[in-house]
Amino acid sequence: MNSLPLFHRIAGQRVVVVGNGDAADAKRRLVERAGGIPCGEPEAHHARLAFIALDDDRQAAAVAIRLRTKGLLVNVTDRPAMCDFTVPSVLDRDPVLIAIGTGGASAGLAKHLRLRIEAILPPALGQLAAKLNAVRDVIRQRIPDMAERRRAIDAALSEGGPLDPLRGDAAERVDSWLAASHSAVAARTVEIALTSDDPDDLTLRQARWLGVADVVLHDAAVSSEILARSRADAVRKEVGADILPAGDDGLTVVLRCP
């Protein structure tokens with residue numbers, strides 16, 4: 001990745017927007033949509049972020065330098081090389097936000113990817129997120145062990161599960177899912193024989209296994225691109241060619257090179 005994706009909370013905070021015209025107006029609307037307060041350069045000492053929408057390259061660069069010296073992170077419209085951060089195309093299913101970025105390479109590509117994904121996700125997806133948040137404490141009480149709780153939620157939200165996010169009525173099924181007994185998910189180990197270093201060559205099932213695995217064991221030669229497809233907080237360990245440990249906690253995935 002050439003950028004670190006983050007969601008920045010700006011509700012009630014000032015955000016500098018410099019410029020006039022359609023591009024600057026669009027940035028002001030974006031700031032307001034996220035609960036921020038658009039302001040001008042003179043109020044920069046109250047802000048941490050800035051958008052610059054100026055046609056003149058030299059003027060835009062000068063404003064960017066001034067704002068950076070005051071400690072602000074800067075986005076300069078249509079000039080990725082001048083940006084500390086870029087603005088993704090956002091799919092809004094409040095409180096679910098899906099941000100699609102191209103590092104400034106093509107805003108049009110990001111937009112059309114968003115439109116494709118938007119057609120797939122049900123409008124009620126945000127209701128599912130809100131319901132899960134509302135019953136967070138109840139879930140903790142019902143399933144006190146953190147690892148077991150995570151696996152139960154993973155199973156519920158998986159494809160075909162009772163809370164499958166692509167189901168339009170998933171939010172309405174949360175209470176019945178909570179009322180059901182949640183037996184411990186059996187520990188298991190699966191082995192993936194890789195065909196290449198390209199993560200796009202993983203099957204859909206293999207990609208899902210990596211995405212939910214609690215432990216990832218791998219040969220030394222497995223590529224970083226493949227390992228990046230595993231869950232961020234999964235335990236990763238390099239293992240020898242003859243070692244195939246039996247998983248004792250959730251799902252263990254063993255990656256083998258061709």
Side-chain angles (χ1 to χ4, degrees), residues 1-121 196-201 207 211 223-233:
M1 298 190 301
N2 61 7
S3 299
L4 178 65
L6 300 170
F7 287 92
H8 200 99
R9 296 182 185 275
I10 63 169
Q13 300 178 13
R14 288 182 174 86
V15 176
V16 174
V17 181
V18 178
N20 296 300
D22 293 341
D25 289 343
K27 293 296 187 278
R28 292 186 181 94
R29 289 194 299 270
L30 179 65
V31 170
E32 291 171 345
R33 182 179 170 189
I37 305 168
C39 66
E41 187 177 353
E43 297 176 84
H45 59 287
H46 292 297
R48 293 182 292 175
L49 299 177
F51 293 95
I52 301 171
L54 296 169
D55 293 331
D56 184 88
D57 285 345
R58 290 188 177 183
Q59 186 181 5
V63 174
I65 290 171
R66 289 200 302 268
L67 291 173
R68 283 195 183 98
T69 60
K70 296 178 181 178
L72 278 72
L73 296 175
V74 172
N75 171 277
V76 185
T77 302
D78 292 334
R79 297 174 180 88
M82 293 187 187
C83 293
D84 297 315
F85 67 95
T86 55
V87 180
S89 183
V90 177
L91 194 165
D92 187 353
R93 293 284 192 271
D94 185 52
V96 176
L97 295 177
I98 299 175
I100 302 168
T102 61
S106 173
L109 174 59
K111 178 182 71 175
H112 282 279
L113 288 172
R114 172 182 59 79
L115 291 173
R116 295 285 186 90
I117 296 172
E118 197 164 30
I120 298 171
L121 298 180
S196 78
D197 289 336
D198 188 345
D200 288 340
D201 289 334
S223 71
S224 58
E225 289 81 5
I226 294 285
L227 292 174
R229 293 296 180 94
S230 62
R231 208 180 74 222
D233 59 347

Applying side chain to side chain donor-acceptor pair (under 3.5 Å), can you list everything that pairs with R93, at least two apart in sequence or on another chain?
none
Pairs satisfying side-chain hydrogen bond (donor to acceptor under 3.5 Å, both in side chains), at least one member in residues 2-12, at least two apart:
none
Run the side chain to side chain donor-acceptor pair (under 3.5 Å) test against D25 and tell me which residues pass, sequence neighbours left out.
R28
Any side-chain heavy atom of V16 within less than 4.5 Å of one from K27?
no
Please say whether more than 12 non-hydrogen atoms of neighbouring residues, nucleotides or ligands are located less than 6.0 Å from CG in D22.
no
Assess whether a salt bridge exists between D233 and R231, defined as any Lys/Arg side-chain N lying under 4.0 Å from an Asp/Glu carboxylate O.
yes
Output side-chain donor-acceptor pairs under 3.5 Å for residues 101-108, partner residues at least two apart or in another chain, one line each.
unit_1, atom_1, unit_2, atom_2, d
T102, OG1, A105, N, 3.3
T102, OG1, S106, N, 2.9
T102, OG1, S106, O, 3.2
S106, OG, L109, N, 3.0

With sequence neighbours left out, which residue pairs that include part of residues 69-82 fulfil the side-chain hydrogen bond (donor to acceptor under 3.5 Å, both in side chains) condition?
D57-R79
Please collect all ring pair (Phe, Tyr, Trp, His ring centres under 6.0 Å) contacts where either partner lies in residues 87-118, sequence neighbours excluded, each pair once.
none
Got a sec, which residues hit side-chain contact (heavy atoms from CB on, under 4.5 Å) with S223, two or more places apart in sequence or on another chain?
D197, E225, I226
If I take atom CZ from residue R33 and atom CD1 from residue I10, how far apart are they, to the nearest 0.5 angstrom?
11.5 Å
Heavy-atom side-chain contact between V96 and L121 under 4.5 Å:
no
Looking only at heavy atoms, which two atoms of T86 and C83 are closest? And how far apart?
CG2-CB, 4.4 Å
Tell me, with the steps shown, if R116 and L91 meet side-chain contact (heavy atoms from CB on, under 4.5 Å).
CA-CA 10 Å; R116 295 285 186 90; L91 194 165; over 6 Å; no
Side chain to side chain donor-acceptor pair (under 3.5 Å) filter on N20, not counting sequence neighbours, yields none
Name all residues meeting the side-chain contact (heavy atoms from CB on, under 4.5 Å) criterion together with A99; count only those two or more places apart in sequence or in a different chain, and write none if there are none.
F7, P88
Compare every heavy atom of V17 with every heavy atom of P38, then report the nearest pair and how far apart it is.
CB-CG2, 4.3 Å
Partners of R68 by side chain to side chain donor-acceptor pair (under 3.5 Å), sequence neighbours excluded?
D84
Residues 42-53, side-chain donor-acceptor partners within the protein, below 3.5 Å, at least two apart:
unit_1, atom_1, unit_2, atom_2, d
E43, OE1, R14, NE, 3.1
H45, ND1, P42, O, 3.4
R48, NH2, Q13, OE1, 2.7

Quick note, salt bridge (Lys or Arg N to Asp or Glu O under 4.0 Å) partners involving residues 100-109, not counting sequence neighbours, are none
If I compare all heavy atoms of D94 with all of D92, which pair ends up nearest, and what's the gap?
N-OD1, 2.9 Å
CG/D201: more than 12 non-hydrogen atoms of other groups inside 6.0 Å
yes
